[in-house]
Amino acid sequence: MAAVTDDTITSEVQARYSNAASPRMVELMTKLVQHLHDYAREVQLTREEWLAALDFLIRCGKMSDDKRNEMMLLSDVLGLSMLTVMIDQKVPAGATPNTVEGPFFIAGSPELPMGGDMRFGAPGKLSFMQGRVTDMNGKPIAGALIDAWQADQNGLYECQVGASDAYLRAKFRTDADGRYCVTTVEPCHYSIPIDGPVGELVAATGISHERPAHIHATVQAPGYQTLITHIFRGGADYIDSDAVYGVRPELIIFFEDHEPGMTPAGTISTEPFSTVTFDVVLAPAVAQKLAAE
Ligand code: BEZ
Ligand code: FE
């Protein structure tokens with residue numbers, strides 16, 4: 001092989017990656033090389049900028065552990081997480097769309113009965129999220145598993161308040177009519193973590209670091225595509241500038257305020273409360289591939 005030149009280095013590098021056994025690996029690596037090299041050429045990347053970028057990635061990695069994923073956060077603020085959702089987690093029109101999972105999901109939440117209270121002492125305005133889970137023909141899906149999690153009124157998740165037990169997270173099952181009901185607090189907006197390298201990027205570029213008020217949920221049922229989504233509070237601050245681009249029009253839902261009295265969970269509240277109805281439509285498992293085509 002003759003020495004590479006700046007005109008030939010891209011095809012030389014791609015040729016080496018073209019020998020991988022997996023065709024998908026060949027595609028992923030040769031395209032990555034193409035776009036990385038094009039980027040470097042287009043911006044005329046300097047040595048200092050390249051070293052700074054490597055140092056930034058090293059520090060993102062060092063800051064990450066099983067509770068904090070700075071690399072994921074970087075992907076989120078670059079819009080890459082949401083783009084991947086839109087490419088790979090497409091659903092047919094009429095089904096509830098997916099959005100980013102975010103870094104605060106904790107597996108193994110306790111399962112509560114219909115209307116169960118997942119506040120576990122968290123501060124915030126009493127609120128109820130309720131609705132039905134159906135298929136795309138409106139048929140109720142009984143026994144669907146809803147795993148919900150959210151931040152408290154101060155915008156803090158379980159790992160951020162240092163709670164030792166479940167805090168604002170629980171699982172619920174739909175009844176024979178596909179219905180579910182969750183007792184919780186009204187969500188409020190919060191900032192993504194900005195005490196690490198991604199925070200430096202936020203400071204250097206002035207990009208949005210706020211997320212509009214939302215509740216996360218996954219919904220699973222045999223034979224259906226697993227849904228990973230949120231509801232966003234209608235009228236919430238930052239709804240048009242979500243730091244991680246997760247808002248989808250179908251997921252914006254207005255909460256309704258109520259005076260003290262009977263709640264959707266069948267309890268009597270002596271304080272005002274709010275309710276939100278989030279009806280979920282699951283796509284059949286086979287639709288995942290069809291929607292992507
Ligand atoms: C979240 O919604 O929990 C979240 C998503 C992406 C980055 C930070 C937080
Ligand atoms: Fe969140």
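Each ligand, and each atom within it, is numbered from 1 in the order the structure gives. Everything numeric here is computed off the predicted structure, so don't read it as measured data.
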Answer with yes or no whether [X] contacts ligand 1, where contact means a heavy atom under 4.0 Å from a ligand atom.
X: Y157; answer: yes
X: M72; answer: no
X: L73; answer: yes

for atom 2 (O) of ligand 1, nearest protein heavy atom and its distance come out as R211 NH1, 2.5 Å
Original post:
Among protein heavy atoms, which sits nearest to atom 7 (C) of ligand 1, and what does the distance come to when rounded to 0.1 Å?
Top reply: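 For atom 7 (C) of ligand 1, the nearest protein heavy atom comes out as D76 OD2, 3.3 Å.
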At the Fe ion (ligand 2), OH of Y190 and NE2 of H216 open up to roughly (10° bins) 160°
#### Entry: Degrees at the Fe ion (ligand 2) between the OH atom of Y157 and the NE2 atom of H214, nearest 10°
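Taking the Fe ion (ligand 2) as the apex, I get 110° for this pair.
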ask   = Are the aromatic rings of H37 and Y39 close, with centres under 6.0 Å apart?
value =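 So the answer is no for these two rings.
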**Report entry** Aromatic ring proximity, centroids under 6.0 angstrom, Y167 and Y157
**Finding:** no
(message) Would you say T10 and R41 are linked by a side-chain donor-acceptor pair, where the criterion is simply a distance under 3.5 Å?
(response) yes
Does the side chain of Q150 come under 3.5 Å of the side chain of T184 through a donor N or O and an acceptor N or O?
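There is such a pair between these side chains.
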Taking it one step at a time, do W149 and F105 satisfy ring pair (Phe, Tyr, Trp, His ring centres under 6.0 Å)? CA-CA 7 Å; W149 72 102; F105 172 74; 4.9 Å; yes
Checklist line | Proximal ligand 1 atoms for I192, defined as those under 4.0 Å from one of its heavy atoms | finding: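 Ligand 1 atoms under the 4.0 Å threshold to I192: 7 (C), 8 (C).
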Note: ligand 1 atoms sitting under 4.0 Å from heavy atoms of F104 are 3 (O), 9 (C)
Problem - Salt-bridge criterion met for R47 and E49 (N-O under 4.0 Å) - result: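 E49 and R47: not salt-bridged.
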Handout entry: Note: E271-K125 ion pair, threshold 4.0 Å (strictly below)
Key =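 No, E271 and K125 are not salt-bridged.
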- Just distances here: any N/O of Y190 and N/O of ligand 1 closer than 3.5 Å? yes
Only one of Q225, K90, M82, M86 passes side-chain contact (heavy atoms from CB on, under 4.5 Å) with N98, and that residue is Q225
Residue portion contacting ligand 1 (non-hydrogen atoms closer than 4.0 Å) for H216: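 Answer for H216: side chain.
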Nearest heavy atom to atom 9 (C) of ligand 1, choosing from G102, S81, P103, S75, belongs to P103
